[in-house]
Amino acid sequence: MASGSWMSLETSFPDRSHGFDGSTALELTGTDRVGLLSEVFAVLADLQCDVVDAKVWTHNGRIASLISVKDCNSGSPINDSQQIDRIKSRLRNILRGDNDIRSAKTSVSLAITHTERRLHQMMFADSDYGRKPVLQCREDSPVVTVQNWAEKGYSVVNVQCKDRAKLLFDVVCTLTDMQYVVFHATINTVEDKAYMEFYVRHTDGTPISCEAERQRVVQCLRAAVERRASDGVRLELCTSDRQGLLANVTRTFRENGLNVTRAEISTTNDIARNVFYVTDAIGNVADPKIIETVREKIGLGELKVKELPLIYHEREEAAVGVGGAVLSLGSLVRKNLYNLGLLIKSYS
């Protein structure tokens, strides 16, 4: 993996967002490339690791992934130090891209983490927000402005973008991780557009102090909005779980020139319920014929197209997230913002 990539390996306890059941959690960040996920899953399968849960985000040519694995024979967390060393060694070889050996890092620790909050933190630490976008600016790109209200000592942050599920969570998490406190907020949605205004200060009570900081806030909030968004074709795989399933599926994607831009992997009662967002190799809309070819190879009854980008001029009924329905920002604003603040603080 190229400069800036890193990996840590940790044993996780139950995750309040996903219900991890005592598994070994792997964190990966680095330079994205077509087939990277296929290589990761192939190594894990070869090392007798069963992937029970995973989330993958990509943004501005970077990738962040949290993967929960167990020993496929015993079904237990992987605690053997020699096996952990083997996993780290093999994955380190994958992460060493562009001959940049020094950038690959590994660590072992114990933690309880909120998966999506952690993905934001990983990409923030990786400075994905400061990298050149892979795709050119589009009409629906988020618009972020920051102004100071000197009389009251606040900085006023405005975000305008397309509404989507968990948008408010993503923005408030990022503000919190950047050490800002939200004192007041106005949230509104009109059709599919979201308008958010936040009155913020640093944790020490001061407003944003300089132009460089203002630009950093703009970049980071744009990234927070874009990380979870995807123009790719949404594919859902529902089938009996088996060893090597993810390696085989993602290999088929790679062999047909499809790049996974986002993924949600879960296993419940030996049933794999996986969601993939795919584009072509350079980030454009995938050819429908290739999508159908991939479905035929994997199984038409198992891999289904659940959502198409707007460019197709057709959309199926809005898909729900793995494990249950999701709410748009228009629904979230009817919830208590105070409760959201408590949730975020609980994972700080």
Side-chain angles (χ1 to χ4, degrees), residues 1-2 5 7 26 28-59 61-67 69 72 87 90-99 134-135 230-267 271-309 311-312 319 322:
M1 189 123 337
S5 64
M7 181 190 73
L26 298 85
L28 293 81
T29 64
T31 301
D32 187 27
R33 65 177 184 269
V34 176
L36 175 60
L37 206 57
S38 172
E39 295 178 46
V40 169
F41 288 141
V43 165
L44 293 175
D46 186 56
L47 292 173
Q48 304 297 301
C49 298
D50 183 22
V51 177
V52 295
D53 197 292
K55 279 209 170 189
V56 180
W57 288 358
T58 62
H59 180 247
R62 309 298 292 174
I63 185 171
S65 178
L66 284 168
I67 305 175
V69 299
C72 69
I87 294 171
R90 293 282 297 276
L91 289 177
R92 190 178 299 117
N93 289 333
I94 295 175
L95 294 172
R96 288 174 175 171
D98 297 340
N99 298 317
V134 175
L135 299 178
S230 176
D231 289 328
V233 177
R234 177 181 172 124
L235 302 175
E236 290 191 5
L237 176 69
C238 183
T239 186
S240 298
D241 190 30
R242 56 187 179 273
Q243 187 177 0
L245 172 64
L246 288 170
N248 292 333
V249 170
T250 52
R251 184 183 67 247
T252 302
F253 290 160
R254 182 195 66 207
E255 292 173 346
N256 287 273
L258 296 181
N259 188 42
V260 178
T261 62
R262 189 154 59 93
E264 299 178 3
I265 312 299
S266 66
T267 307
I271 299 296
R273 301 181 186 277
N274 305 331
V275 177
F276 304 95
Y277 289 83
V278 298
T279 65
D280 70 7
I282 59 174
N284 294 323
V285 175
D287 187 333
K289 294 181 180 179
I290 294 178
I291 295 293
E292 286 307 300
T293 298
V294 168
R295 291 186 62 219
E296 290 174 358
K297 291 181 178 179
I298 295 174
L300 293 173
E302 296 182 343
L303 185 66
K304 298 182 179 180
V305 177
K306 300 301 293 185
E307 187 174 343
L308 297 170
I311 195 170
Y312 280 101
V322 175

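Keep in mind that what you see is a predicted model, and the values were worked out from it rather than measured.
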Engineer: Looking only at non-hydrogen atoms, find the nearest pair between G244 and A45 and report the distance.
Structural biologist: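 Distance-wise, the nearest heavy atoms are CA-CB, 4.1 Å.
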Engineer: Mark yes or no for whether T261, through its side chain, and Y277, through its backbone, hold a donor-acceptor pair below 3.5 Å.
Structural biologist: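 It does hold such a pair.
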Engineer: Could you measure the distance from the CG atom of L28 to the CD1 atom of I94? Nearest 0.5 Å is fine.
Structural biologist: 8.5 Å
Engineer: Any heavy-atom pair between the side chains of V233 and E307 that's under 4.5 Å?
Structural biologist: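 With C-beta onward as the side chain, the pair stays apart.
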Engineer: Set out, in order, the CA-CA distance, both residues' side-chain angles and the distance that settles side-chain contact (heavy atoms from CB on, under 4.5 Å) for V278 and I291, then state yes or no.
Structural biologist: CA-CA 9 Å; V278 298; I291 295 293; 3.9 Å; yes
Engineer: Show every ring-ring contact (aromatic ring centres under 6.0 Å, His included) that has at least one partner inside residues 285-309, sequence neighbours left out.
Structural biologist: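 Pairs touching residues 285-309 that pass the test: none.
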Engineer: Quick one: list whatever passes side chain to side chain contact (heavy atoms under 4.5 Å, CB included) with E255, sequence neighbours left out.
Structural biologist: R251
Engineer: Between K306 and L235, is a side-chain contact (heavy atoms from CB on, under 4.5 Å) present by the stated rule, with each step listed?
Structural biologist: CA-CA 6 Å; K306 300 301 293 185; L235 302 175; over 6 Å; no
Engineer: Is it the case that the side chain of S65 and the backbone of V56 share a donor-acceptor pair, with hydrogens and angles ignored and the cut-off at 3.5 Å?
Structural biologist: no
Engineer: Indicate the atoms forming the closest heavy-atom contact of N259 with R33, along with that distance.
Structural biologist: OD1-O, 3.8 Å
Engineer: Are T267 and R273 close enough that a side-chain donor and a side-chain acceptor fall under 3.5 Å?
Structural biologist: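 There is no such pair (donor and acceptor under 3.5 Å, judged by atom type) between the side chains of T267 and R273.
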Engineer: State, to 0.1 Å, how close G232 and T279 come at their nearest heavy-atom pair, and which atoms those are.
Structural biologist: CA-CG2, 3.8 Å
Engineer: Quick one, I87 and L26 - any side-chain contact, counting heavy atoms below 4.5 Å?
Structural biologist: yes
Engineer: Would you sort out whether D280 and I290 count as a side-chain contact (heavy atoms from CB on, under 4.5 Å), showing the intermediate values?
Structural biologist: CA-CA 9 Å; D280 70 7; I290 294 178; over 6 Å; no
Engineer: Once rounded to the nearest 0.5 Å, what's the spacing between atom CZ of R262 and atom NE2 of H59?
Structural biologist: 12.5 Å
Engineer: Could you check V305 against R295 for side-chain contact (heavy atoms from CB on, under 4.5 Å), going step by step and ending with a plain yes or no?
Structural biologist: CA-CA 9 Å; V305 177; R295 291 186 62 219; 3.9 Å; yes
Engineer: Going by the rule ring-ring contact (aromatic ring centres under 6.0 Å, His included), which residues pair with F253 if we only count those two or more places apart in sequence or in a different chain?
Structural biologist: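 ring-ring contact (aromatic ring centres under 6.0 Å, His included) check on F253 returns F276.
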Engineer: Give, for atom CG of L47 and atom CG of L91, the distance between the pair rounded to the nearest 0.5 Å.
Structural biologist: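 The CG atom of L47 sits 7.5 Å away from the CG atom of L91.
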Engineer: Are the side chains of T239 and I298 in contact, using a 4.5 Å heavy-atom criterion?
Structural biologist: no
Engineer: Would you say that R234 contacts V275 through its side chain, given a criterion of any heavy-atom pair below 4.5 Å between the two side chains?
Structural biologist: yes
Engineer: Tell me, do N274 and V249 make a side-chain contact under 4.5 Å, heavy atoms counted?
Structural biologist: no
Engineer: Would you say E296 and L300 make side-chain contact, with heavy atoms under 4.5 Å?
Structural biologist: yes
Engineer: How close do L246 and T250 get, counting heavy atoms only, and between which atoms?
Structural biologist: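 The pair with the smallest heavy-atom distance is O-OG1, 2.6 Å.
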Engineer: Check whether D287 reaches the backbone of K289 with its side chain - one donor and one acceptor, N or O, closer than 3.5 Å.
Structural biologist: yes
Engineer: Is there a side-chain contact between L258 and T252 (heavy atoms, below 4.5 Å)?
Structural biologist: no
Engineer: Which heavy atom of S240 sits nearest to which heavy atom of L245, and what is that distance?
Structural biologist: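 Shortest heavy-atom separation between S240 and L245 comes out as O-CD2, 4.3 Å.
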